[in-house]
Amino acid sequence: MTAPNATPSSIDLIGNTPLVLLKGPSAAAGCEIWGKCEFANPGASVKDRAALWIVRDAEARGELKPGGTVIEGTAGNTGIGIALVANARGYKSVIVMPDNQSKEKMDTLRALGAELVLVPPTKFADPNHFVHTSRRLAEETEGAVWANQFDNVANRKAHIESTAPEIWEQLGGRIDGFTCAAGTGGTIAGTGLGLKAFDENIVVALTDPYGAALYNYYANGELKAEGSSVAEGIGQGRITANLEGAPIDTQFRMSDEEGLEWVRRLLAEEGLCLGLSSGINVAGAVALGQKLVAEGRKDARVVTILCDTGFRYLSTLYNPEWLETKGLPVFPWLVR
Ligand SMILES: Cc1ncc(COP(=O)(O)O)c(C=O)c1O
């Protein structure tokens with residue numbers, strides 16, 4: 001069978017996402033701001049890449065055998081990626097998640113066939129934290145592997161080997177800056193390392209939400225969190241194995257309000273329906289673009305990650321009652 005323009009396996013639908021020029025952010029920055037459309041992955045988020053690389057790595061090490069189980073603790077998107085990849089490769093998936101994440105993510109995981117284990121949100125030091133619970137479950141389950149997305153560097157390898165070369169190729173080898181937020185840190189560290197391997201002059205910036213400790217770490221060497229954020233999937237309090245050696249040149253901190261304003265504008269003006277981590281990333285990309293322009297790089301090109309679809313947050317970011325309880329602005333078209 002010859003099918004030169006078709007995809008031979010569903011697994012191959014992960015990655016090779018489009019890169020789009022963002023008009024409003026480019027105008028605000030005074031230079032080109034590009035968004036990598038990770039919501040176009042089969043699981044509708046950037047985490048499909050980590051899920052695929054983690055599963056392939058466990059297979060290659062002989063840890064994951066036919067009929068085995070992949071177990072993970074996740075804010076949701078990694079679980080969705082793992083559930084899809086596990087189905088495609090003939091494995092079961094068990095996902096442990098804090099019970100304060102969006103209902104859409106929980107319903108999606110159940111719909112995909114994952115076994116969902118909900119635990120109360122708690123500090124990382126607490127043995128009942130979702131990450132530790134998932135590790136224990138994996139130890140107790142025969143034929144199971146623990147995906148361990150935070151400290152398994154197969155996660156960042158996904159971005160070294162796929163996200164970075166895709167961006168480099170899509171922009172014809174001319175990029176000046178890259179920025180995004182960190183959850184596990186796989187995306188910022190892996191894409192940063194991968195891009196710098198092409199051109200060490202590319203400026204890599206961390207865009208941190210409030211409530212995370214990394215902004216202070218990269219600014220003053222101290223892991224210290226301030227404030228809080230409702231953004232899901234981002235906000236880290238420690239240097240994970242994926243973050244070790246991340247080539248961070250500079251850092252920004254963005255509020256939920258700044259991120260939401262870009263979520264609103266990208267939907268209203270450019271027809272892109274995104275989650276809050278994408279809005280925070282775009283706010284950071286605008287700040288990085290403005291910095292590069294101020295330093296004399298008038299034709300700067302900055303890339304960021306559009307991490308997941310807004311359809312995953314209809315009950316939160318796109319729900320006036322929820323926004324009001326959080327004291328956050330409601331999109332004008334939702335005001336009744
Ligand atoms: C919506 C969303 N944005 C961003 C991230 C952060 O990606 P990373 O874990 O690679 O730092 C995640 C991770 O779960 C996520 O779910």
Side-chain angles (χ1 to χ4, degrees), residues 15 17 35-41 43-54 72-83 95-98 100-102 104-106 108-109 130-131 134 147-160 162-164 178-194 204-209 211-214 229-244 246 248 254 256 259 262-263 273-285 304-313 316-317:
T17 55
K36 185 81 170 138
C37 298
E38 293 302 293
F39 56 82
N41 280 303
S45 95
V46 65
K47 303 302 302 208
D48 283 13
R49 295 182 193 258
L52 178 55
W53 257 254
I54 285 170
E72 183 57 323
T74 154
N77 279 330
T78 306
I80 291 168
I82 284 176
I95 304 303
V96 184
M97 184 167 145
N100 62 347
Q101 300 296 295
S102 82
E104 288 86 334
K105 284 184 187 162
M106 298 177 193
T108 304
L109 281 163
F130 67 96
V131 171
S134 67
N148 188 19
Q149 59 167 333
F150 291 92
D151 294 305
N152 179 347
V153 291
N155 170 358
R156 80 181 192 188
K157 210 170 166 207
H159 300 283
I160 296 174
S162 71
T163 317
F178 174 78
T179 188
C180 70
T184 63
T187 310
I188 181 83
T191 311
L193 286 165
V204 175
L206 171 80
T207 297
D208 220 24
L214 298 182
S229 167
V230 300
E232 293 183 27
I234 57 172
Q236 186 48 259
R238 67 184 176 98
I239 300 302
T240 62
N242 279 291
L243 277 168
E244 267 166 34
I248 310 293
M254 293 296 162
D256 286 353
W262 280 117
V263 172
C273 182
L274 302 165
L276 183 51
S277 69
S278 303
I280 286 176
N281 283 354
V282 169
T304 192
I305 303 287
L306 306 180
C307 311
D308 70 351
T309 173
F311 299 162
R312 202 148 275 166
Y313 306 99
T316 57
L317 300 180

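Bear in mind the structure is a predicted one, so any value in this text is a computation, not a measurement. Indexing begins at 1, ligand by ligand and atom by atom, following the structure's order.
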Would Y313 count as a contact residue for ligand 1, given that I'm defining contact as a non-hydrogen atom of the residue lying under 4.0 Å from a ligand atom? yes
Hey, are T184 and Q149 close enough side-chain-wise for a donor-acceptor pair under 3.5 Å? no
Is there a donor-acceptor contact under 3.5 Å linking the side chains of D256 and S229? yes
Which of the listed options, T74, T187, T191, holds the heavy atom that is closest to atom 7 (O) of ligand 1? T187
Do any nitrogen or oxygen atoms of Q149 lie less than 3.5 angstrom from nitrogen or oxygen atoms of ligand 1? no
Tell me whether G185 reaches ligand 1 (any heavy atom closer than 4.0 angstrom to a ligand atom). yes
Would you please say whether a donor-acceptor pair under 3.5 Å links the side chains of N155 and R49? no
Check this for me: does any side-chain nitrogen of one of R312 and E232 sit under 4.0 Å from a carboxylate oxygen of the other? no
Suppose I only count heavy atoms of E232 and a 4.0 Å limit; which atoms of ligand 1 are within that range? 1 (C), 2 (C)
Using a 4.5 Å cut-off on heavy atoms from C-beta on, say whether the side chain of T74 contacts that of I95. yes
Interfacing atoms of ligand 1 (cut-off 4.0 Å, heavy-atom, I234): 3 (N), 4 (C), 5 (C), 6 (C)
Short list, please: which atoms of ligand 1 are under 4.0 Å from a heavy atom of G186? 10 (O), 11 (O)
Do T304 and K36 get their side chains close enough for a donor-acceptor pair, meaning under 3.5 Å? no
At a 4.0 Å threshold, what atoms of ligand 1 neighbour a non-hydrogen atom of N77? 1 (C), 2 (C), 15 (C), 16 (O)
Quick check on contacts: which atoms of ligand 1 are under 4.0 angstrom from a heavy atom of D308? 1 (C)
Pick one of side chain, backbone, both or neither for how T184 approaches ligand 1, counting any non-hydrogen atom pair under 4.0 Å. both
E72 and T78: side chain to side chain donor-acceptor pair (under 3.5 Å), yes or no, with the steps? CA-CA 8 Å; E72 183 57 323; T78 306; 5.8 Å; no
Mind checking the CG-CD1 spacing from D151 to I239? Nearest 0.5 Å is all I need. 11.0 Å
A182 near ligand 1 by a heavy-atom separation under 4.0 Å: yes
Using a 4.0 Å cutoff against the non-hydrogen atoms of C307, which atoms of ligand 1 qualify? 2 (C), 3 (N), 4 (C)
